[in-house]
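So the structure is just underneath, and the comments pick up after that.
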Amino acid sequence: MKGISEQEAESGKLLYSDENHKFIWLGWSYKGAGEVQANQYLIISGREAVLLDPGGVHVFPFIITNISRYISLEQIRYIFYSHQDPDVSSGIGIFMNVCPNAKILISRLWIRFLPHFGAADTSGVEAIQDSGKTIDLPFSRLHIIPAHFLHSEGNFSLYDSRSKILFSGDIGASVIPENDTYFEVEDFEKHVKYMEWFHKRYMKSNKVLRKWVSMVRKYEVDIIAPQHGAIFRGENVKRFLSWLENLKCGDDILDEIYGY
Ligand SMILES: [Fe+2]
Ligand SMILES: [Fe+2]
């Protein structure tokens, strides 16, 4: 993959690091065979950690191995789930088992669905209310920002104020062919073709996109790190937000999607 070494693909890459705080991409867990590629991330702040969208059972051994390179599993204080999709949260039962001190954070809309993913006991789950919330870590404040209908009805992004990285979940996702994979967007115009179909088909409407973009612009964002595909940095963050606020999708192009 362009932009990272083989070692980083295998064991993960620091997107931000200072003496007290780190934001880590947990490696190239994708094994092909028709699955959707997904990124998993870990925030470490002092002695505490937050795991973001760790995914399903089939990536579990890879993710746990890479988390253990940095911290012990007991240090994970929260597991954040942007929404209820299987590539995000279907491994919840097994992750809860191995992270004994972790509280699960997910939209209040999805709590009752979690037993179907193997999380029979939801007493360790904290419902995020629709307006989001903030979480104070030893060296950062996390802002959980509403992103409802983009695409899930109960959906959140997460902004880490120390690293200035926005974890955007499915927003900004790209599906890049295996012969052209790259870690970070360099040519935005070219990158659009790897994002466009997904956003037009999976996102609710331009009105909701604009709502989200206006909220995100209140934060100083250095990097947007999505759950799928390449990350955006610097000027490409701005280009992405401008592209998104002008995109017609979902409700806006209903006839095109339905085909009549
Ligand atoms: Fe999704
Ligand atoms: Fe996803």
Side-chain angles (χ1 to χ4, degrees), residues 1 15 25-43 50-60 62-63 79-92 94-95 104-114 116-119 125 128 130 132 144-159 165-178 181-183 185 191-192 194-205 208-209 211-213 216 223-232 240 244 247 249-251 257:
M1 183 201 279
L15 296 186
W25 172 70
L26 284 171
W28 187 245
S29 61
Y30 179 63
K31 297 292 179 278
E35 73 178 67
V36 61
Q37 181 273 333
N39 298 315
Q40 296 84 17
Y41 302 94
L42 181 71
I43 298 170
V50 181
L51 184 56
L52 309 179
D53 281 7
V57 171
H58 73 301
V59 296
F60 175 80
F62 181 87
I63 298 305
I79 302 175
F80 168 79
Y81 288 117
S82 60
H83 63 294
Q84 86 293 3
D85 267 349
D87 59 320
V88 170
S89 52
S90 63
I92 184 170
I94 191 164
F95 276 99
I104 305 294
L105 293 168
I106 191 165
S107 162
R108 67 186 180 91
L109 270 60
W110 305 125
I111 305 275
R112 293 182 305 126
F113 292 73
L114 297 180
H116 290 279
F117 279 160
V125 182
I128 311 171
D130 283 350
I144 297 178
I145 303 168
H148 309 308
F149 309 107
L150 301 172
H151 60 95
S152 165
E153 299 89 338
N155 190 48
F156 293 96
S157 308
L158 185 147
Y159 176 71
I165 296 174
L166 175 72
F167 171 63
S168 57
D170 280 340
I171 305 169
S174 50
V175 183
I176 304 174
E178 290 190 35
T181 53
Y182 46 89
F183 182 71
V185 176
H191 189 67
V192 165
Y194 298 143
M195 297 191 289
E196 194 162 28
W197 178 82
F198 174 80
H199 287 78
K200 285 172 81 169
R201 182 63 184 84
Y202 278 73
M203 299 298 165
K204 173 79 167 65
S205 68
V208 193
L209 290 177
K211 177 82 179 165
W212 185 83
V213 169
V216 166
I223 290 176
I224 290 182
Q227 195 218 353
H228 309 281
I231 67 162
F232 304 84
F240 171 65
L244 201 63
L247 187 74
C249 63
D251 284 7
I257 291 173

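In each ligand, atom 1 is the first atom listed, and ligand 1 is the first ligand listed. From a predicted model like this one, the values you see are computed outputs, not experimental measurements.
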(message) With carbon and hydrogen excluded and only N/O/S kept, which atom of D170 is nearest the Fe ion (ligand 2)?
(response) OD1
(request) Can you tell me, to 10 degrees, how wide the angle at the Fe ion (ligand 1) is between NE2 on H83 and NE2 on H151? (result) 100°
(message) If you consider just the N/O/S atoms, which atom of D87 is the closest one to the Fe ion (ligand 2)?
(response) OD2
(request) Assert yes or no for the condition that the ring centre distance of F156 to H148 is strictly below 6.0 Å. (result) yes
(request) Could you tell me whether F240 and H191 have their ring centroids closer than 6.0 angstrom? (result) no
(message) Report whether any nitrogen, oxygen or sulfur of Q227 sits less than 2.8 Å from the Fe ion (ligand 2) (N, O or S, backbone or side chain).
(response) yes
(message) Main chain of P226, side chain of Y41: is a donor-acceptor contact present, judged purely on distance under 3.5 Å?
(response) yes
(message) For Y81 and W110, I'd like to know if the aromatic rings sit close, meaning centre-to-centre distance below 6.0 Å.
(response) no
(message) Looking only at N, O or S atoms in D85, which is nearest to the Fe ion (ligand 1)?
(response) OD2
(message) Show the nearest heavy-atom pair for residues I257 and K200, with the distance to one decimal.
(response) CD1-O, 3.9 Å
